[in-house]
Amino acid sequence: MSQAEHPNTASGPRPFRRAAAGQSGQEPGEAPARPHARRAAPDPDIYREGGSKANQQDAATVQATGLSAASTRTSWTWRFLLAGLALGATALAARLVDNAIASATSGSALGLLTAGALGLLGLALACLIVGEFVSLARLRNRSRIRTMVDQAGSTRDDAQAEKALAALTALHAKRPDLAWSLAQYQEAAADIPDAADKLIVYERLVLGPLDEACVAEIRTIARRAAVLTAFAPNPILDAVFVLWLNLSAIRRVAHMQGLRPGAAASWALLRRTILAMVAAGGMEALGDMMPAAVAGSIVRTVARRVGEGAVNGILTIRIGVAALEATRPMPFAARERPSVTALARQTVGS
Amino acid sequence: MTSIVDQVEDWLTDAGSLLDRRVRLGVTGLSRAGKTVFIASMVHHLLHPNRLKLLSVLAEGRFDAAMLQPMPGGSVPRFPYEAVLRDLTGTANQAPRWPDGTRAVSELRLSIRFRSPLAFGLERPNTLHLDIVDYPGEWLLDLPLLSLNYADWSRQAVAQAHRGGRQVLSAEWLALAQSMPADAAGDEPAIAHTAAAFRAYLQAARNAPQRYSMLQPGRFLLPGEMAGAPALTFFPLPDAADNAPRGTLARLMADRFESYKREIAAPFFDHHLKRIDRQVVLVDMLEHLAAGPESLTDLKTAIDGTLGAFRHGESSWLSLLFGKRISRVLFAATKADHLPAADHQGLAGLLDALVGDTSRRLSYAGARIHSEAIAALRVTRETTIETPSGRWPGIAGLPLDSDRVEEVLPGALPLTLEAVTGSDQFAPVAFRPRPGDIRQDQGPASLRMDRALEFLLGDALG
Ligand SMILES: Nc1nc2c(ncn2[C@@H]2O[C@H](COP(=O)(O)OP(=O)(O)OP(=O)(O)O)[C@@H](O)[C@H]2O)c(=O)[nH]1
Ligand SMILES: [Mg+2]
C-alpha cells in the first residue's frame with residue numbers, strides 16, 4: 001500500500017480540508033477501520049501471557065522439528081524399497097498395456113473393451129492421484145497459514161497480518177456453518193485498527209466455536225473408547241477397536257476443520273498429529289500409543305478393565321487434541337490449547 | 001511529611017489491596033491531554049462492555065458486571081461521570097460537546113465483578129475495585145516542585161524564562177523582579193504586582209503558539225479556592241541565594257514557596273497520586289508536534305519532571321513495608337482519531353522517542369512499560385481523499401470550528417522528532433462528537449482503549 005505509507009514522508013499531501021459531500025453535522029457515521037503498515041516495534045506481547053505462551057512454543061516446536069522437515073526426511077531403505085516397487089509396478093503395467101494395445105490394434109471386440117477399461121482405470125488413477133495431491137496441498141496450506149499467523153502475531157507486522165487474515169477468511173468464507181461467527185468477527189473488526197489484533201479476535205470468534213465443537217466430538221469418541229475397552233471380550237479386539245476409534249477421532253477433527261484427507265494426506269495428518277502429541281506431551285506420548293491394549297491382555301479383573309478404559313479414553317483425548325492442533329489454521333495463541341488433563345477429568349473421570 | 005497516623009492508614013489500605021484486589025489507577029496528563037475524557041470513556045466502556053474486544057476478561061466470558069461505587073472516605077467529590085456523559089452524548093436542546101476543563105479534584109470507584117480462572121476449567125468469583133482520580137492537569141506540574149528548594153527553583157525558572165520564545169513573554173515580569181533587591185525587605189503591593197506579572201507570563205506562555213507545558217506552580221494558572229491567598233503570592237527571583245537571612249525578600253519568597261509546597265502541592269500528591277499502582281500517562285502529541293520543536297522540548301521537560309515524583313518498580317510483598325510502587329506505565333498518545341490509521345504507529349513511535357529516557361529509567365526500576373496511540377472517544381471515520389497529488393487516506397468528522405462534516409488530510413506526520421518543524425506541513429484538525437457518536441446505553445467507539453485497559457488491568461482481572 002504505497003499510497004498509505006507515503007503521507008509519512010515529507011513529500012506527503014499538504015494539509016487539506018473540505019466539506020464532505022452530502023453530509024451534515026447531524027449525520028451519525030459508522031467508522032470502518034482500515035489498518036495499514038505498522039511500525040515493527042518490540043511489543044511486550046500483552047495478550048499472550050501465561051499458559052498460552054507455552055502453547056505457542058509447542059506450536060513452534062511442531063513447526064521446527066516436525067511438519068516440514070519430516071516430509072523430506074524419509075529413510076533411504078524406504079526409498080529404495082518404494083523405487084523397486086514402483087519399477088516393478090511400471091513393468092507390469094507396461095506389459096498389460098502392451099498386451100491391451102496389441103489386442104486393441106487387432107481390432108477384436110475384446111481388445112476394444114480392454115482398451116476402454118484400461119483408459120477408465122487410468123482416468124480413475126489420475127483422479128485419485130490429483131485428489132491426493134489436492135488434499136495434501138490443503139494440509140500443507142494449513143501449516144503455511146499457521147506459520148504466517150504465528151509470525152504476524154509475534155512481529156505485529158500489519159501487512160503480514162492482513163495476508164494471514166485474507167488466507168483465513170478465504171478458508172472459512174465458503175462454510176455456511178461459520179457464517180454467523182464470521183459475521184460476528186466482521187462486526188468486531190470494525191472497531192479494531194490493527195490487523196494483528198484482528199487475528200486475536202478472529203481466533204476467539206471464529207476458531208473458538210470450532211474448537212469447542214471439535215472438543216465435544218473428541219470427548220464423545222473418547223468416552224466410547226473408554227467404554228469399549230472396559231467391556232471388550234478380548235484384548236486383540238479391544239486393541240483394534242481403540243486403534244480404529246483413535247483414527248476416526250483424527251478423521252472427525254479433520255472433517256470439522258474442513259479437511260477431507262485422502263490416503264496420502266491421512267498418512268501425513270497422522271504423522272503431524274503424532275508430532276503434535278510429542279511436542280505437547282514429551283516423548284512418553286509415543287509409548288502411550290500401545291501399552292493400554294498390551295496391559296489389557298495381562299490383567300483381567302473388571303476394576304483393571306475400567307482403569308484401562310480410562311487410560312484409552314485419555315489417549316483418545318490426547319490424540320484428538322493433537323489432531324486439532326495439527327489441522328487448525330492458527331496456532332493456539334489467544335485461546336488456550338484444550339487441556340488434556342482437564343478434558344480427561346470431565347470425560348472419563350465422571 | 002505524613003504523620004504516623006497517615007502512614008499506618010497507608011499500610012492498612014495497602015494491606016487491604018493485597019487481599020481485596022484494589023487497583024489505584026493514576027491517570028496522569030497535563031492540561032487538555034484528555035484525562036477527563038479518558039476516565040469517562042473507560043467507565044462508560046466497562047459499564048457497557050460490548051466493544052472492548054481485546055480485553056481478555058470479556059473475551060473469555062469471565063466478566064459479570066461493573067458498578068459505580070461511592071468512594072469510601074467521602075471527603076472528595078465524586079467524578080461527575082453522568083454530567084460528562086451528558087455533555088458528550090448531548091441532549092434534546094444541547095448538541096454534544098467536550099466536557100469543560102477540570103477545576104477540582106474528584107474521585108471514583110468502579111467495582112468489577114468477574115471470575116478468576118482456576119485449574120481444570122473451574123472459576124472463582126472475584127471483585128476488583130478500581131479507584132480513579134481526576135484533577136486539573138495544571139496541578140500535576142507541582143509535583144516536580146516537591147523535590148526543589150526555592151533557590152533551585154528560581155534558578156531553573158529564570159533560566160527557562162530566558163530561553164526561546166519565552167523571552168518575550170517573560171520580559172515584563174523579569175524586569176520587575178530584577179528591579180526588586182532580593183536582600184532587602186520587600187513591600188507587599190510591589191510583591192503582589194510582580195506576582196501578577198509572573199502569573200500573566202505563565203498564562204501567556206500557555207496560550208502562546210509554542211504551547212508551553214512547563215508552567216509552574218500549577219495553582220497560579222488554576223488557583224481553585226486559593227485565589228489571592230498569600231501562598232500564591234510569590235515568584236522566582238533572578239538572584240535568590242540559599243538560606244537567605246530573615247527579613248529579606250528572598251527569605252519571604254522562600255517561605256511562601258515552602259508553604260505552597262507544604263500546604264498545597266504535597267497534600268495533593270499524598271492524598272490523590274502517591275499510592276497509585278498503575279499509571280497511564282496521557283500525552284497530546286498532535287498539538288505539540290504541530291506547534292514545533294520548542295513545544296516538544298518543553299513538553300518533554302514537563303513529563304520527565306512529573307514522572308520523577310512517582311515511585312516505579314516491581315510490586316512485591318516488600319512494598320507493604322516500604323510503600324507501593326507503580327508496576328505498569330502506559331504512555332498513550334491521545335486523540336489518535338485526528339489522524340488516519342496509517343499514521344497511528346508513527347504517532348506512537350514519536351511518543352516513544354519523546355519519553356525514551358524516562359521510560360528506560362522506569363523499565364530499569366522494574367516497571368512494565370508500553371506505549372499506544374489511542375482515542376478514548378473516536379469521533380472521526382477513515383476515508384480516502386482524492387487530491388491533485390493523488391489519493392490519500394484521510395479522516396472525516398465534524399471539526400471543532402465548523403458546523404459541517406469535513407474531510408481532512410492532516411498533512412505529513414513527521415517521521416522523527418528531529419524532523420519536526422512546526423511548519424504548516426502538518427496541521428491536524430480537532431474534531432468534536434456528533435449526535436449518535438456516543439450513546440448512553442452502549443460502549444463508545446474508541447481506538448485501542450481495549451489494548452490500553454488490557455495492559456493496565458489485564459492481570460488484575462485474571
Ligand atoms: N477526538 C478526540 N478528542 C479528544 C479525545 N480526548 C480528548 N479530546 C480533546 O481534548 C480536550 C481535552 O480533553 P479533557 O479530557 O478535558 O482533558 P483533561 O486532561 O481532562 O484536561 P484538564 O481537565 O484541563 O486537565 C477535549 O476537549 C477534546 O477536544 C479523544 O479521545 N478524541
Ligand atoms: Mg479534565
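In what follows, chains are A, B, ... by sequence order, proteins preceding strands, each numbered from 1. As a basis for the values below, the full set of heavy atoms in this structure was taken, side chains included, without hydrogen atoms, waters or symmetry mates.
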Novice: Drop me the distance from B:Arg404's CZ to A:Arg18's CZ, to the nearest 0.5 angstrom.
Specialist: 12.0 Å

Novice: For B:Glu123, I'd like to know if atom CD has over 12 heavy atoms of other residues, nucleotides or ligands within 6.0 Å.
Specialist: yes

Novice: CG of B:Leu54 to NZ of A:Lys198: how many Å apart, nearest 0.5 Å?
Specialist: 11.5 Å

Novice: Would you say that A:Phe16 contacts B:Ile385 through its side chain, given a criterion of any heavy-atom pair below 4.5 Å between the two side chains?
Specialist: yes

Novice: Does the side chain of A:Asp158 reach to within under 4.5 Å of the side chain of B:Gln345, using non-hydrogen atoms?
Specialist: no

Novice: Using 0.5 Å steps for rounding, measure from the CD atom of B:Glu407 to the CZ atom of A:Arg17.
Specialist: 12.0 Å

Novice: Please look at B:Asp424 and chain A and tell me whether the side chain, the backbone, both or neither of the residue comes under 4.5 angstrom of a heavy atom of that chain.
Specialist: both

Novice: Who are the salt bridge (Lys or Arg N to Asp or Glu O under 4.0 Å) partners of A:Arg224, not counting sequence neighbours?
Specialist: none

Novice: Which region of B:Ser402, side chain (C-beta onward) or backbone (N, CA, C, O), has a non-hydrogen atom less than 4.5 Å from a non-hydrogen atom of chain A, or is it both or neither?
Specialist: side chain

Novice: When rounded to the nearest 0.5 angstrom, what distance separates CZ in A:Arg204 from OG in B:Ser56?
Specialist: 5.5 Å

Novice: So, for A:Pro193 and B:Leu447, which heavy atoms are closest and what is the spacing to 0.1 Å?
Specialist: CG-CD2, 3.8 Å

Novice: Locate the shortest heavy-atom distance separating A:Pro15 from B:Pro410; write the atom from each residue and the value.
Specialist: CG-O, 3.9 Å

Novice: Going by heavy atoms in the side chains, are B:Lys53 and A:Asp197 under 4.5 Å from each other?
Specialist: no

Novice: Within this structure, what is the CG-CG distance for the pair B:Leu52 and A:Asp191, rounded to the nearest 0.5 Å?
Specialist: 9.0 Å

Novice: Run the numbers on A:Asp194 and B:His344 for side chain to side chain contact (heavy atoms under 4.5 Å, CB included), then give the verdict.
Specialist: CA-CA 10 Å; A:Asp194 306 312; B:His344 291 177; 5.8 Å; no

